[in-house]
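As the structure is a prediction and not an experimental result, all values here were calculated from the model. We name chains A, B, ... by the order of the sequence lines, and we start the count at 1 in each one.
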There are 2 protein chains.
Amino acid sequence: MATIKDVAKEAGVSVATVSRVINRNGYVQEETRKLVEAAISKLNYLPNEVARSLYFQKSKLIGLIIPDITNPFFPEIARGVEDVLQQNGYRLIIGNSDEDAEKEVRYIETFTQHNVLGVISTSSEEVSQWEKLNIPVVLLDRIHHDFPFVCSDQKEGGRLAAQILLDRGSRNITLLRGPKHVRTAYERFFAALEVLGKSQVQFQVLNTSFSFDGALETAGKLFELYPDTDGVIAVNDIVASAVLREALRRGRKIPEEMQIIGFDDIPMSKFLFPALSTIQQPAYEMGKEAAKLLLERIRQADIKKKQIILPVSFVERETTRKAGDGTWQK
Amino acid sequence: MATIKDVAKEAGVSVATVSRVINRNGYVQEETRKLVEAAISKLNYLPNEVARSLYFQKSKLIGLIIPDITNPFFPEIARGVEDVLQQNGYRLIIGNSDEDAEKEVRYIETFTQHNVLGVISTSSEEVSQWEKLNIPVVLLDRIHHDFPFVCSDQKEGGRLAAQILLDRGSRNITLLRGPKHVRTAYERFFAALEVLGKSQVQFQVLNTSFSFDGALETAGKLFELYPDTDGVIAVNDIVASAVLREALRRGRKIPEEMQIIGFDDIPMSKFLFPALSTIQQPAYEMGKEAAKLLLERIRQADIKKKQIILPVSFVERETTRKAGDGTWQK
DNA sequence: TTGAAAGCGTTACCAC
DNA sequence: GTGGTAACGCTTTCAA
């Protein structure tokens with residue numbers, strides 16, 4: 001790789017001059033600039049980011065920590081993040097934490113060793129580590145009262161899910177609840193619970209993991225423990241899909257005998273038959289917003305703590321009945 | 001962040017000595033080493049990777065270019081790559097190319113600007129750019145005769161898919177073919193074609209894109225153009241899922257009236273009902289192997305060109321009939 | 001066994 | 001307008 005010295009020699013000027021034309025600052029005569037530019041393109045020169053990074057004490061790298069890229073919710077987020085970073089000339093370093101605090105700490109360490117400009121974390125809420133770091137951090141899909149974050153309106157989502165099943169006639173509802181340490185999942189669960197609590201319907205709660213295999217297992221349990229369930233509120237679309245599959249396998253008519261509503265609206269949901277009704281989180285948008293927020297904070301450190309809550313929406317598909325069918329089995 | 005100077009001052013030695021204890025090379029007396037180590041942990045010192053990277057002309061960063069992390073095949077791959085890199089102390093910079101050569105070039109440029117140690121590309125086969133780079137490159141899920149690569153046995157996969165439908169009684173098969181510039185998809189398509197060509201069954205080809213929306217569109221077309229199809233070989237599981245949904249929607253009995261076989265075995269496939277029979281590519285393994293191969297090449301530049309082809313396998317689920325049912329509709 | 005200093009590629013300050 | 005040079009944090013060579 002050609003260095004700035006090579007360019008300087010080629011153009012017959014000093015490195016300082018070359019630096020000036022690269023960065024378009026300081027005075028440089030039209031003529032010499034042309035000389036330098038010619039040398040640059042002749043040598044195919046690109047400035048060494050590492051050297052710049054050393055000088056400026058900051059790089060063009062942004063760290064992203066996610067629990068597991070293999071969970072279909074996160075690629076959307078990651079893509080949103082990457083798209084805005086890319087457009088702004090930044091690059092993404094990525095790490096899968098598996099929700100493991102220790103792994104996360106190790107990522108944070110190496111990220112800072114690389115002079116990352118900032119970090120977006122969609123993993124733990126163990127914020128203590130972020131505080132001692134003095135680089136901007138944005139939480140994504142996680143909530144913390146004194147940190148900037150981007151997430152979607154979990155409470156509204158939980159309420160919506162419950163209300164929709166109620167309105168459309170479910171009278172015996174099972175809530176499939178995710179791991180309690182995932183705060184967002186907990187929030188929506190609780191909001192749904194509240195709505196159900198105020199209603200007169202029968203309901204119960206079943207715990208489940210987020211993983212594909214765990215979801216399938218949960219689905220089996222559901223039908224054994226609560227065979228009379230006629231409405232399922234699943235913690236996410238993966239779990240909802242597993243329930244749908246199991247229901248179909250057991251010959252249940254969906255949505256006539258049982259309504260199912262998921263959360264997230266991952267891409268596969270509309271591929272199912274019947275297609276999954278769900279509460280959509282704007283994952284891609286969330287990624288974008290988080291990246292934008294981080295860039296804002298990078299450019300202007302004193303910006304006020306911003307907490308962005310994006311709206312969720314009900315995507316009506318085929319695992320819920322038509323509105324007004326509330327009377328269906330009265 | 002504490003620097004090596006701070007540590008040196010704290011320990012009352014020179015930076016050279018500190019460097020020696022960090023890197024465990026050169027002589028350093030037991031006693032001074034203890035001093036230094038104390039200072040290091042007191043100051044919570046971590047060496048600045050950027051500075052090291054500048055000195056060594058190489059970083060601990062590996063670049064990964066993928067078409068689109070949002071396509072469920074790639075997160076598995078990315079995870080495989082990341083897991084082995086992580087274990088070896090390397091970090092991943094990632095870029096989505098959207099199969100766009102220009103975008104890809106830009107990533108390559110910035111990657112090299114960051115002194116990446118090597119690159120794994122699962123994007124274009126426009127290898128010309130790689131050649132002038134003098135960092136190790138490994139192609140993943142792509143094939144090139146004079147480059148190291150990792151992929152799975154596309155030909156065998158294509159053959160298998162076709163043979164299985166044939167053996168299990170499909171007599172009018174539609175091949176759903178992906179974009180022609182994706183060589184792997186082309187290879188498996190062609191292998192399947194060859195098998196069908198040698199058989200006596202009726203078959204036809206329909207083009208499709210890889211995207212979710214494109215797949216749904218293709219599925220619609222399939223039933224309009226070739227309503228008599230009783231076997232579908234889809235270029236990947238997304239397309240297969242779309243076909244399955246559309247078939248179910250139209251009231252077809254699967255697999256009795258129509259068998260469907262996919263490719264990849266993405267996580268959602270087992271969530272469908274009926275669950276999708278498919279040719280599995282070991283995506284996670286592929287990612288791991290590619291990362292290992294790259295590390296090998298990094299550590300030992302003169303290693304011979306290695307090309308790894310991982311086996312595919314038939315995952316029998318519920319969209320194909322039982323073996324021996326070949327006689328089913330004779 | 002230790003320290004001083006050069007050098008990795010870049011930028012910015014200060015002379016000229 | 002332009003060039004010399006210190007500095008960014010680190011490693012290694014060379015001397016002591």
Side-chain angles (χ1 to χ4, degrees), chain A residues 1-37 39-40 43-61 89 109-117 134-135, chain B residues 1-37 39-40 43-61 89 109-117 134-135:
Chain A
M1 287 291 286
T3 75
I4 199 172
K5 267 189 197 163
D6 301 326
V7 175
K9 191 182 293 176
E10 175 73 28
V13 298
S14 76
V15 294
T17 305
V18 177
S19 176
R20 274 185 216 108
V21 347
I22 294 168
N23 300 291
R24 333 186 169 291
N25 60 10
Y27 298 96
V28 33
Q29 206 144 12
E30 192 52 29
E31 221 169 311
T32 46
R33 168 218 291 274
K34 289 220 172 105
L35 237 46
V36 171
E37 276 167 353
I40 286 178
L43 297 179
N44 235 296
Y45 168 74
L46 285 176
N48 182 323
E49 270 306 323
V50 174
R52 308 186 88 213
S53 171
L54 181 59
Y55 179 82
F56 288 119
Q57 312 261 61
K58 51 177 78 158
S59 71
K60 292 199 160 180
L61 265 18
E109 282 176 2
T110 50
F111 285 179
T112 60
Q113 287 181 284
H114 281 99
N115 284 3
V116 295
L117 258 185
N134 40 7
I135 52 172
Chain B
M1 287 290 285
T3 74
I4 199 171
K5 265 189 200 163
D6 301 326
V7 176
K9 191 181 292 176
E10 175 73 28
V13 300
S14 76
V15 294
T17 304
V18 177
S19 175
R20 275 186 214 107
V21 348
I22 295 169
N23 301 290
R24 331 185 171 292
N25 59 13
Y27 298 96
V28 33
Q29 206 144 12
E30 192 52 29
E31 221 170 308
T32 46
R33 168 219 290 275
K34 289 222 171 104
L35 238 47
V36 171
E37 276 166 353
I40 286 178
L43 297 180
N44 235 295
Y45 169 74
L46 285 176
N48 181 324
E49 270 306 322
V50 174
R52 308 186 87 215
S53 170
L54 182 59
Y55 177 83
F56 288 117
Q57 313 260 64
K58 53 177 74 160
S59 71
K60 292 199 161 180
L61 267 17
E109 281 176 2
T110 51
F111 285 179
T112 59
Q113 288 182 282
H114 284 285
N115 284 2
V116 294
L117 258 186
N134 40 7
I135 53 171

Could you give me the CA-CA distance, side-chain angles and deciding distance for B/Asn25 and B/Arg20, then say whether side-chain contact (heavy atoms from CB on, under 4.5 Å) is met?
CA-CA 5 Å; B/Asn25 59 13; B/Arg20 275 186 214 107; 4.0 Å; yes
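Protein atom CG of A/Asp6 is 13 Å distant from nucleotide atom C1' of C/dT10, rounded to whole Å. As a whole-Å value, the separation of A/Lys34 NZ from D/dG1 C1' is 16 Å. In this entry the distance linking CD1 of A/Ile22 with P of C/dT10 reads 7 Å, nearest Å. Remark: C1' of D/dT13 and CZ of B/Phe56 are 14 Å apart, rounded to the nearest angstrom. In this structure, the CD1 atom of A/Ile4 is 18 Å from the P atom of C/dG7, given to the nearest Å. Nucleotide D/dT11 holds its C1' atom 16 Å from the CZ atom of B/Arg24, rounded to whole Å. Residue A/Asn25 contributes atom CG, which lies 15 Å from atom P of D/dG1 at whole-angstrom precision. Taking atom CD on B/Gln57 and atom P on D/dT11, their separation rounds to 15 Å, with Å as the unit.
Taking only side-chain nitrogens and oxygens, A/Asn48 never comes nearer than 4.0 Å to OP1 or OP2 of C/dC8. Note on A/Ser19: every side-chain N or O is 4.0 Å or more away from OP1 and OP2 of C/dA12. Note on A/Thr17: a side-chain N or O is less than 4.0 Å away from OP1 or OP2 of D/dG3. The phosphate of C/dG9 (OP1 or OP2) has no side-chain N or O of B/Gln113 nearer than 4.0 angstrom. At C/dC8, one or more side-chain N or O atoms of A/Lys5 fall inside 4.0 Å of OP1 or OP2 (strictly under the cut-off).
In terms of position along DNA chain C, the nucleotide closest to B/Tyr27 lies nearer the 5' end than the nucleotide closest to the other residue of the pair A/Val18 and B/Tyr27. Judged by closest nucleotide on DNA chain C, B/Ser14 is the one of B/Ser14 and B/Leu54 placed further toward the 5' end.
Taking the charged nitrogens against the carboxylate oxygens, A/Arg33 and A/Glu30 do have a contact shorter than 4.0 Å, which makes a salt bridge. The existence of a salt bridge linking B/Lys34 and B/Glu37 is excluded, since no basic side-chain nitrogen approaches an acidic carboxylate oxygen closer than 4.0 Å.
Residue B/Thr3 is classed as a sugar-phosphate contact, given heavy-atom separations below 4.0 Å to backbone atoms only. Within the nucleic acid shown, A/Val13 comes within 4.0 Å of sugar-phosphate atoms alone, with no base atom in reach, counting heavy atoms only. No engagement by B/Ser53 is indicated, since no non-hydrogen atom pair under 4.0 Å with the nucleic acid exists.
When atom types are taken as modelled, the side chain of A/Gln57 and the backbone of A/Asn115 share no donor-acceptor pair closer than 3.5 angstrom.
A donor and an acceptor atom sit less than 3.5 Å apart, one in the side chain of B/Arg20 and one in the base of C/dG3.
When all heavy atoms of A/Ala39 and A/Glu10 are compared, the pair lying nearest together is CB-CG, 3.5 Å.
You'll find that the side chain of A/Tyr55 is closest to D/dA7, out of D/dA7, C/dT1, D/dT11.
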